[in-house]
Every structure is written in C-alpha cells, then in structure tokens.
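What follows is a short report on a single structure.
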2 protein chains.
Amino acid sequence: MTLRILVVDDQALVRRGFAMVLDNEPDMHVVAESGTGVEAIEAAREHRPDVILMDIRMPELDGLQATAQILETQSESTRVIILTTFDPDEYVYQALRAGASGFVLKDIPPESLVAAVRTVADGGAMLDPTVTRRLIGRFAGTLSADQAYAERLDRLTERETEVLRALADGKSNREIAETLCIGAATVKTHVSNVLSKLDLRDRAQAVVFAYECGLARVGERDVGF
Amino acid sequence: MTLRILVVDDQALVRRGFAMVLDNEPDMHVVAESGTGVEAIEAAREHRPDVILMDIRMPELDGLQATAQILETQSESTRVIILTTFDPDEYVYQALRAGASGFVLKDIPPESLVAAVRTVADGGAMLDPTVTRRLIGRFAGTLSADQAYAERLDRLTERETEVLRALADGKSNREIAETLCIGAATVKTHVSNVLSKLDLRDRAQAVVFAYECGLARVGERDVGF
DNA sequence: TTGTGCCTCCCCCAAATGGGGGAGACGCGG
DNA sequence: CCGCGTCTCCCCCATTTGGGGGAGGCACAA
C-alpha cells in the first residue's frame with residue numbers, strides 16, 4: 001500500500017526537492033504538486049492524498065487556511081504536515097487548531113521528513129522538537145511564556161496562592177473558608193490581597209488569571225458544582 | 001562537549017542494552033546506571049547528568065516520582081526521557097507534569113533513541129507520535145470528553161453564549177453591556193439565564209465552565225485586564 | 001391566529017463582593 | 001530588642017451580583 005502524497009509550496013524548486021525525496025521512497029508516491037492554497041484544495045479534492053506537505057506562506061490562500069478548509073470539507077483520513085522556514089511561533093497554534101498532524105522546519109533532514117510522513121500516515125503526529133517543548137509547557141503549565149504570569153504569581157504568599165486556587169475552583173468565600181479552615185473574614189482579606197496584587201478586579205478575573213497562568217488547568221476539576 | 005547520561009531501569013539487561021547503544025556514540029557517555037528510583041535520585045545528584053533515561057515501573061520509587069523529585073530539587077539543566085514498554089496512556093500526563101522532556105516506547109529504534117537524547121539535550125522535546133497526537137488533540141480542544149459539556153452548552157441561546165464568552169473574558173455586566181451594545185439590565189437577564197441553565201452559582205463558576213468546556217481556551221486572551 | 005421562544009428592558013431586594021481602614025499573634029532576621 | 005512580613009480576624013460601606021417577578025416586540029411555526 002503506497003502512500004499518496006501532495007506537496008504544496010509556492011517555490012517550484014523547494015517543491016520539487018521535497019517531491020523527489022519522497023518519490024524516491026518505494027512506498028511513497030507524490031500524486032500532485034501545488035503552488036497556491038487554492039490549487040492545493042483543488043488537488044486534494046481530486047487526488048485524495050494520504051499526506052499533504054503544506055507550506056504556510058503562499059499567494060492567494062495561505063497554508064493554514066487551506067489546511068483548515070481541506071480538513072473540514074474533505075475526507076478526514078488526510079493528514080497534513082505544515083512546513084515552515086522560520087522559527088515556529090505564532091503559526092503553530094493556528095496550524096494545530098486547523099487540524100495539522102505535523103509541524104516541521106524545512107531544514108529537516110530528508111530521512112526525518114520521510115519518517116514524519118510515515119508517522120502521520122500511521123495516525124501519529126510529528127512536531128518540531130521546539131514546538132513539542134512548547135506544547136508540553138502549555139500543557140504542564142510549567143514552561144515560560146508564562147514568565148510574566150509567574151512573576152505576578154510569586155508576588156502572592158503561599159496562603160494567597162491557595163486562595164487563588166480555590167477561587168479557580170469556583171468556590172465562594174464561605175466555601176473557601178471551610179476548605180481552608182479559617183474564618184470568612186480572613187478569606188475576604190486574602191481575596192482582596194490576591195486581587196490587588198495581581199491587579200484584578202473581581203474573582204471572575206482571578207479565575208481567568210488562574211487558567212491563563214497555568215495555576216488551574218482544564219480537566220483537573222469536574223464542573224458539576 | 002560530550003553528553004553525560006544516566007540510565008535508569010530495574011531490569012539489568014534492558015539497562016545495559018540502552019547504555020551500550022548510547023555509549024557507542026562518540027559524543028555520549030553513560031556516567032551511571034540505576035535500578036531503582038531512589039538510586040536514580042542518588043546518582044543524579046552525584047553525577048549531574050545532562051540526560052536521564054527513566055523507566056516508569058520500578059521498585060521502591062517509580063520513575064515518575066523520581067523524575068519529579070530530581071527536577072524539583074536538582075539542577076534544572078537536566079532533561080528526562082521517560083521510557084515505557086506499554087501503551088502510553090495514564091502515565092503520559094503525569095510524566096509531562098513531572099517535567100519530562102521526552103516520552104518514548106522502549107521499542108524505539110536505536111538511532112531514534114540517540115536522536116531523542118540529542119534533541120532533549122538541545123532543549124527540545126521528543127514524544128512518541130501517539131502521545132504527540134493526543135497532546136495536540138487536547139490542545140486543539142477537538143478531543144471529546146467535552147461531550148457532556150457540549151450538551152449543557154447548547155442549552156444556551158446564541159446570545160447567552162456570547163454573554164458566557166464575555167464572562168470568560170472577566171468582563172463585568174456593565175462591560176458586557178457595552179461590548180454587546182445592549183442595556184445593563186439585559187445583560188443581567190442573560191447572565192441569570194446562563195447561570196440557571198448551566199446550573200452554576202456565580203460568574204466565577206461560569207468562567208470555570210467556559211474553560212473546562214472549551215468555550216474559552218488558555219492563550220486566547222491577555223490577562224492585562 | 002395563537003402560541004412559543006428569544007431578545008430586550010424594567011422593578012424590587014437580599015446576598016455576596018470588594019475596598020478602606022485597624023488590630024493581635026507569630027516567627028524571623030537585623 | 002524591634003521591625004517586617006504573614007496570617008488571622010474585625011468594622012463600615014458602596015457596589016455588584018443574583019433571584020424573583022413582569023412586560024413589550026419580533027419572528028417563526030403550528
């Protein structure tokens with residue numbers, strides 16, 4: 001079973017390069033090449049590739065939009081690997097949200113590219129190590145990017161952090177008092193301190209902050225309330 | 001500059017196997033091997049490795065706890081790759097939260113393992129493709145689990161959903177009124193409906209719900225307020 | 001036509017919240 | 001010893017919030 005591949009890049013030379021590398025593999029076949037986003041959508045509909053190598057920067061329609069459109073409207077078995085020349089930063093999240101299964105830099109060694117294609121065709125996902133790192137950071141809430149948040153966070157005392165955590169659980173002052181075994185008045189004080197130290201207005205904003213800075217994470221609480 | 005490596009696995013044969021593969025690389029040196037979690041912590045403190053290959057299942061102290069402890073208490077330059085025999089499922093999130101930079105299956109081909117070590121030593125992260133896929137799913141919010149949430153969500157009218165989105169931005173009723181160009185009284189009505197329909201008590205819980213159900217996502221707003 | 005649902009706005013009122021003070025107790029370091 | 005930060009609790013008070021009603025307009029379907 002050979003893998004049908006579509007290569008999309010506005011630079012013909014780059015396109016040919018990738019295509020040749022992949023076509024050289026016995027179990028891979030480049031069924032089409034496109035130079036623009038709209039062409040890519042066209043080609044994808046016509047050829048139903050297993051894997052699409054997609055550049056981001058392209059005239060007419062960029063790779064991210066093309067990806068989203070292809071994955072939304074067409075078969076869900078197609079996997080997309082986003083290729084980019086530059087430091088993966090702003091585009092990554094858009095790409096992943098668009099449904100990409102891979103995000104690699106163009107300076108990837110040929111054998112790694114081949115491996116990436118096989119991986120995503122197999123249902124896996126392959127990201128540039130930097131991207132993976134950042135994704136983990138997001139998930140674990142440990143990594144920087146939240147640097148500014150972290151600084152704001154450690155303005156809080158230990159107790160105040162506990163209170164913020166409780167706020168992020170959607171608890172009222174009374175409930176916080178009970179879980180921390182302190183008086184309601186004390187909770188009020190702590191909450192006030194949290195708000196003023198973090199420059200927030202109310203507990204709702206505190207909840208937002210808790211999620212954004214990674215103190216609270218999606219999936220850690222049940223919203224049965 | 002040669003990479004100093006620590007291999008941790010309770011099975012001596014497996015341990016030796018990985019160690020030999022890595023020691024064979026000219027720029028890598030296995031400085032120690034450990035058979036238990038506590039030994040690993042000891043060895044890490046003594047040898048200060050650049051990269052630790054860590055098995056999960058071990059007597060005395062499992063690899064996840066050992067990882068967390070090492071990364072918490074010791075130098076932050078050490079990178080940990082978690083090795084597991086089994087289908088990566090429950091352990092993944094614990095591993096990432098513990099601070100691991102890698103999560104790979106033991107049946108990884110030797111050259112990939114070597115590449116993984118270089119990648120994490122270089123500041124990147126390397127996950128099994130399956131894990132990466134799942135992480136992306138989490139991030140993109142596409143993954144189900146939110147089924148119950150989705151049901152609750154579509155009890156809301158369009159307008160009410162807009163209001164909930166605004167709530168998730170930490171906006172007050174007055175601000176919501178302005179952004180939606182309606183009266184403050186109307187906002188009150190909508191908020192009340194949102195709360196009662198979703199069975200929530202206050203706007204703080206509404207914010208939590210918005211994040212948990214994927215209506216609001218981390219990184220989509222700046223918490224400058 | 002007669003609902004029925006949605007959006008809009010109004011009233012009143014009780015409860016929670018947030019801000020401003022102050023104060024006592026404790027521990028830690030100068 | 002004294003200051004400083006932290007945790008604990010208290011007071012007063014303005015504002016916000018949330019719940020209970022009601023009501024008009026509008027669109028859409030029975």
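Below, all heavy atoms of this structure are taken into account, side chains as well, without hydrogens, waters or symmetry copies. Here is how names work: the chains are called A, B, and so on, in the same order as the sequence lines, proteins then strands, and each is numbered from 1.
- Between the side chains of A:Thr78 and A:Arg48, no donor N or O sits under 3.5 Å from an acceptor N or O.
- The interatomic distance linking A:Arg201 (CZ) with D:dT16 (P) rounds to 9 Å, in whole Å.
- Residue B:Asn173 places no side-chain N or O under 4.0 Å from the OP1 or OP2 atom of D:dT16.
- The side chain of A:Thr186 places an N or O atom within less than 4.0 Å of a non-bridging phosphate oxygen (OP1 or OP2) of D:dC9.
- Between B:Cys181 and B:Lys188, the one whose closest nucleotide on DNA chain C sits nearer the 5' end is B:Cys181.
- The side chain of B:His190 contributes an N or O atom lying less than 4.0 Å from OP1 or OP2 of C:dT8.
- For the OP1/OP2 pair of D:dC7 and a distance below 4.0 Å, the side-chain nitrogens and oxygens of A:Thr157 include at least one atom meeting the criterion.
- C:dG18 atom P lies 17 Å from atom NZ of A:Lys197, rounded to whole Å.
- DNA chain C is contacted by both B:Val187 and A:Ala204; B:Val187 maps to the nucleotide lying nearer its 5′ end (nearest heavy atom per residue).
- What separates CD of B:Glu175 from P of D:dT16 is a distance of 11 Å, to the nearest Å.
- The side chain of B:Arg203 contributes an N or O atom lying less than 4.0 Å from OP1 or OP2 of D:dG18.
- For D:dC9, its base sits under 3.5 Å from the side chain of A:Thr189 at one donor and acceptor pair at least.
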